[in-house]
2 protein chains.
Amino acid sequence: MQISDTEENYIKAIFALQMQEQGEVSTNRLSGHLLNRAASVTDMLKRLSEKKLIHYEKYKGVSLSAKGYRLAVNIVRKHRLWEVFLKEKLHFKWDEVHDIAEQLEHIQSEELVSRLDKYLGYPKFDPHGDPIPDKDGLMQKNQAIALARVDRKGNYRIARVTDHSRPFLNYITELGLKIGDLVRVEEVNAYDASCKLKTADGQTIFLSQKAGTNILVEQRR
Amino acid sequence: MQISDTEENYIKAIFALQMQEQGEVSTNRLSGHLLNRAASVTDMLKRLSEKKLIHYEKYKGVSLSAKGYRLAVNIVRKHRLWEVFLKEKLHFKWDEVHDIAEQLEHIQSEELVSRLDKYLGYPKFDPHGDPIPDKDGLMQKNQAIALARVDRKGNYRIARVTDHSRPFLNYITELGLKIGDLVRVEEVNAYDASCKLKTADGQTIFLSQKAGTNILVEQRR
DNA sequence: AAAAATATTTAGACTAACCTAAATCAAGGC
DNA sequence: GCCTTGATTTAGGTTAGTCTAAATATTTTT
Ligand SMILES: [Mn+2]
Ligand SMILES: [Mn+2]
Ligand SMILES: [Mn+2]
Ligand SMILES: [Mn+2]
């Protein structure tokens, strides 16, 4: 069956929103996410339903079918593998890779994906710390929590960012933080959830709650 | 300005046909090449003309404008660089790269092309021996001639193939021939232009005129 | 439980990119 | 110079994917 880039983007959007919170995804939420009008979304939902990629009932919201889920995971897999390629092989910065991967994720070739995966050494995470599904759609669950929610001082590893926007990525890059860095959390303010970190090279960094929410960390023993 | 993948394919087709023989390209030739109806071609020619990518006058055929030419060369550049990537880095066979490059050539990012070029070591030729335009659109002119037209026995280097179809590429691969190989031309038959080669490892190969027309060689001193 | 507010779908329209059938143009033969 | 033929364009129609405005369904408020 033929699936267009546009259809793939809808499927990916439904997947992303379903990850964000359980249950059916509403027309309006998709409309907001894709920057299309609700009427256009309804239109497309009918077509995706026709193709058995989603479960759709009028006024009841939408969820991925098994087939739609497999498709979504494969697109995410391609997107993240290409991001690794762009970062590790072509030396793009981590704030530059997303937009290009947004195009590359739609290239159709099983063989290409599988060779790219091998070429990159079967990476488990992309440049933002997001897990990369393997060829069977399985991905590492990382148990990272937001810095702003850390409740015990101590040593942590920066595992993932949840905001992929340029301004955010540039900001934390300028602070000298990146995925994999070890930091000591010295304080998470009980009132406003801002926090104070010490980096491996001795620098002290202050982060707002807003920034802290988008940086996920794993505890080090 | 926005240029769609479809428009890019038309521009590339006009470019290819203009290379094949000088002068204006006819609607019917484009129709044949793109496997679209002549009426559809006329439709598109109007739009490309609107965008100043071609010179078009009703019933008079079409040619690329300076802008269209630059665009065409850039697409060809991307196509061939991706083919090199697929062959050299991902170890695809030379008959597998074209179809994937057909998709990759439409990815939009100046920076990506330039980094890919560097990553590949600024290659001058693609896996089929076709020259790769540099960032300014300049490409090596190779003076290779078809095997079937060789008029002097002697040593030659296989420089390029002009048929990119799977069956042809598989055929000559099975004969043990590839780009860069040195061969001795022992005879080109005056009657049917079939020829007899000796490879570096001592094998003797017979080629029909049809095959010989699609293998270009350069003379070795 | 009715009214008000909000979410969603339907109706109708548009553009890009294709198609078929019909009309028109251009070229070569006589 | 006219006629036939093949090339090209025009006319009118289709589908995917978008939109706005209007209608309808659902949810929240009173
Ligand atoms: Mn991304
Ligand atoms: Mn996408
Ligand atoms: Mn090719
Ligand atoms: Mn193409």
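A, B, ... follow the sequence lines: proteins, then strands. Residue 1 opens every chain.
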To the nearest Å, how far apart are A:Asn36 CG and D:dT20 C1'?
-> 14 Å
How long is the line joining CG of A:Leu45 and C1' of C:dT8, in whole Å?
-> 10 Å
Counting side-chain heavy atoms from CB outward, which of D:dT18, D:dT9, C:dA11 is closest to B:Tyr56?
-> D:dT9
Is the phosphate of C:dA7, meaning OP1 or OP2, less than 4.0 Å from a side-chain N or O of A:Lys60?
-> no
Could you check how far CG of B:Leu48 sits from C1' of C:dA16, rounded to whole Å?
-> 12 Å
Mind calculating the distance between NZ (A:Lys51) and P (D:dT15) to the nearest angstrom?
-> 14 Å
Any side-chain donor paired with an acceptor under 3.5 Å for A:Asn36 and A:Ser31?
-> no
Nearest whole angstrom, please: distance from the P of D:dA16 to the CG of A:Leu53.
-> 14 Å
Return the nearest nucleotide to the side chain of B:Tyr59; candidates are D:dC19, C:dC25, C:dT9.
-> C:dC25
To the nearest Å, how far apart are B:Tyr10 OH and C:dA16 C1'?
-> 11 Å
Can you label the angle between the A:Tyr119 ring and the B:Phe85 ring as parallel, tilted or perpendicular, going by 30° and 60°?
-> perpendicular
Contact under 4.0 Å: A:Arg47 side-chain N or O vs D:dA16 OP1/OP2 = no
Rounded interatomic separation in angstrom, taking CG from A:Asp43 and P from D:dT15 = 14 Å
How about A:His98 and A:His79: are their ring centroids closer than 6.0 Å?
-> yes
Choosing from D:dG17, C:dT10, D:dA11, which nucleotide comes nearest the side chain of A:Thr6?
-> D:dG17
OP1, OP2 of D:dC19 versus side-chain N and O of A:Ser40: anything below 4.0 Å?
-> yes
Counting only N and O atoms by type, is there a donor-acceptor contact under 3.5 Å from the side chain of B:Arg149 to the main-chain atoms of B:Thr213?
-> no
Could you tell me whether the phosphate oxygens of D:dT18, OP1 or OP2, come under 4.0 Å of any side-chain nitrogen or oxygen in A:Arg37?
-> no
Quickly, which of B:Arg77, B:Lys12, B:Arg80 forms a salt bridge (charged side-chain N to carboxylate O under 4.0 Å, His left out) with B:Glu105? Name it, please.
-> B:Lys12
Would you kindly compare A:Ala38 and B:Thr27 by the position of their nearest DNA chain D nucleotide and give the one closer to the 5′ end?
-> B:Thr27
Phosphate-side-chain proximity, A:Ser4 and D:dG17, N/O vs OP1/OP2 below 4.0 Å = yes
Nucleotide of D:dG17, C:dT8, D:dT9 approaching B:Thr42 most closely (side-chain heavy atoms) | D:dT9
Should B:Asn28 be listed as having a side-chain N or O under 4.0 Å from OP1 or OP2 of D:dG6?
-> no
Presence of A:Lys58 side-chain N/O under 4.0 Å of C:dA7 phosphate oxygens OP1/OP2 = no
B:Gln2 atom CD is separated from C:dT15 atom P, nearest whole Å, by 16 Å
